[in-house]
Asks: 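Below you'll find the structure I mean.
Both ligands and their constituent atoms are indexed starting at 1 by order of listing.
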Amino acid sequence: MTISTNLTIFGGTGDLTFRKLLPALYTMDITGKLPEDSRITIIGRRDYDSSHYRQIARDWVEKFTRLSFEEKAFDRFSEKIDYYRMDFSRLEAYHGLNRYYRENDIHSHIFYFAVAPRFFSIITEGLKLVHGSSSGKVILEKPFGENLAAAAALNKELEAFFGPEQIYRIDHYLGKEMVRNIQAIRFSNPIFTDVWNSRYIESVQISALEDMGVETRGGYYDASGALKDMVQNHLFQILSIMAMEQPEEFSPKGLHDAQLDVFRCLQPADASSIESTLVLGQYEGYRGEPLVKPDSQTETYGALRLFIDNQRWKGTPFYIRTGKKTGKREIELAVIFRRPYQEVEPNILIIKIQPTEGVYLQFNIKRPGDSEDIIPAKMDFCQNCSLIHQLNTPEAYERLITACMAGERSWFSQWDQIEFSWNYISHLKELHAAKRLPVYPYRPGTRGPVEADRMLEQYGHSWL
Ligand code: BG6
């Protein structure tokens, strides 16, 4: 029997596979989203056989599954998994992999590169060696290279083998429920659609705080830092969806073009105002984390102020901040409207991405009773407080793997978006370094360096 789809995961014994991919695939299986006759081939160097690997996978899935874990369901699911031991950095090894595919009648492929970007090229070469021309789709994990030049070269190589339409670059933020909801909130509510511009909006904030530090990922993180790890990919994707024009058509291309237009209009950072545009911080104790350089200048916190130079947004600042060890885990997008007159509070719309998923709206009313005072009323809609919504909302990886299987490309990053945002962030960092601006220390558990608060205060704003 020919297998309908085989998902080969390179990096099958890594953290991402255990924590995210296998639990997502398990949930897809029990909710009927994984085709009956699909298979999963796990590639790893360790000396396991399939049954040993399945046992290890079982414990991870039990721990990280979104839905309840059931032994029988897992057994059924695990029969789809095979472990294939190979050193994927050796080209000769790909002949054996090809034999394995032939013997198991596997002809339809999705390859998942859940490995560091330095291995993308050798895996592609190996597949090319045995397949000649491309056969299948490839899912790439971020980062897509270690710097822009390397990423561009890699991109060329991958596109030459797989073809641009078969490459799915994961940005798991695009799979988050409330990120996907931004379009619906913006474009299906005249109360927002018609005032979504600088005439009515004073500022926009995109805030992604994390309570955890770098944990075991110090090696990768120290070479990357908060701006490259979070801003240029996840938060810039959100920025572009928040700021884009309504796509002409609801197609991958429509969405992609609308997002790209936002990147094209990003006002370039300027050396003379870099101090009031970018604040970087590092949590105390970071330099003692495993694999982090003892004199590291890498930022674990970044706050920036930027403008989109088009008719819709001229004059409205977009503030972005992200940081590790900031005492809470919370991602929120806040839209602060201009006040009709100074004495009242502004209308505020907050789209809550995580851990709470929901929408908060603040508007003004008369104080109840005899008073004529104007006071803010606050409406707070929590979507994931409902168990039904929780059960029915796929986790980001479930959603994105399902989309890739269906050939649905809208919610993946496109190369030109990556190139734009990479250039923008590199330029920003260069200006910061050229002026020898400090990376401010901050205490773990606080909201980052006070300088980030001051940056907003000088413009009469504050983080919500
Ligand atoms: C990853 C970053 O892409 O996203 C991590 O590399 C970060 O540093 C993570 O912690 C945050 O993802 P989430 O889904 O937990 O918000």
Asks: Report the relative orientation of the aromatic rings in Phe111 and His109; use parallel for angles under 30°, tilted for 30 to 60°, perpendicular for over 60°.
Replies: parallel

Asks: Check the orientation of Tyr397 and His172. Use parallel for under 30°, tilted for 30 to 60°, and perpendicular for over 60°.
Replies: parallel

Asks: Could you pull out every donor-acceptor pair under 3.5 Å between side chains of residues 12-22 and any protein atom, sequence neighbours left out?
Replies:
| unit_1 | atom_1 | unit_2 | atom_2 | d |
| --- | --- | --- | --- | --- |
| Asp15 | OD2 | Arg19 | NE | 2.9 |
| Thr17 | OG1 | Gly11 | O | 2.8 |

Asks: For residues 420-430, dump all side-chain donor-acceptor pairs below 3.5 Å to protein atoms at least two apart in sequence or in another chain.
Replies:
| unit_1 | atom_1 | unit_2 | atom_2 | d |
| --- | --- | --- | --- | --- |
| Ser421 | OG | Gln232 | O | 3.1 |
| Ser421 | OG | Gln417 | O | 2.9 |
| Ser421 | OG | Ile418 | O | 3.3 |
| Asn423 | ND2 | Glu419 | O | 3.4 |
| Tyr424 | OH | Gln267 | O | 2.9 |
| Ser426 | OG | Trp422 | O | 2.8 |
| His427 | NE2 | Ala269 | O | 3.3 |
| Lys429 | NZ | Glu299 | OE1 | 3.0 |
| Lys429 | NZ | Glu299 | OE2 | 3.1 |

Asks: With sequence neighbours excluded, tell me which residues meet ring-ring contact (aromatic ring centres under 6.0 Å, His included) with His256.
Replies: none

Asks: With a 4.0 angstrom cut-off on heavy atoms, strictly below it, pick out the residues next to ligand 1 and order them by chain and number.
Replies: Lys142, His172, Tyr173, Lys176, Glu210, Arg217, Asp229, Met230, His234, Lys324, Arg329, Ile331, Gln354

Asks: In terms of the angle between their ring planes, are Trp60 and Phe64 parallel, tilted or perpendicular, with boundaries placed at 30° and 60°?
Replies: parallel

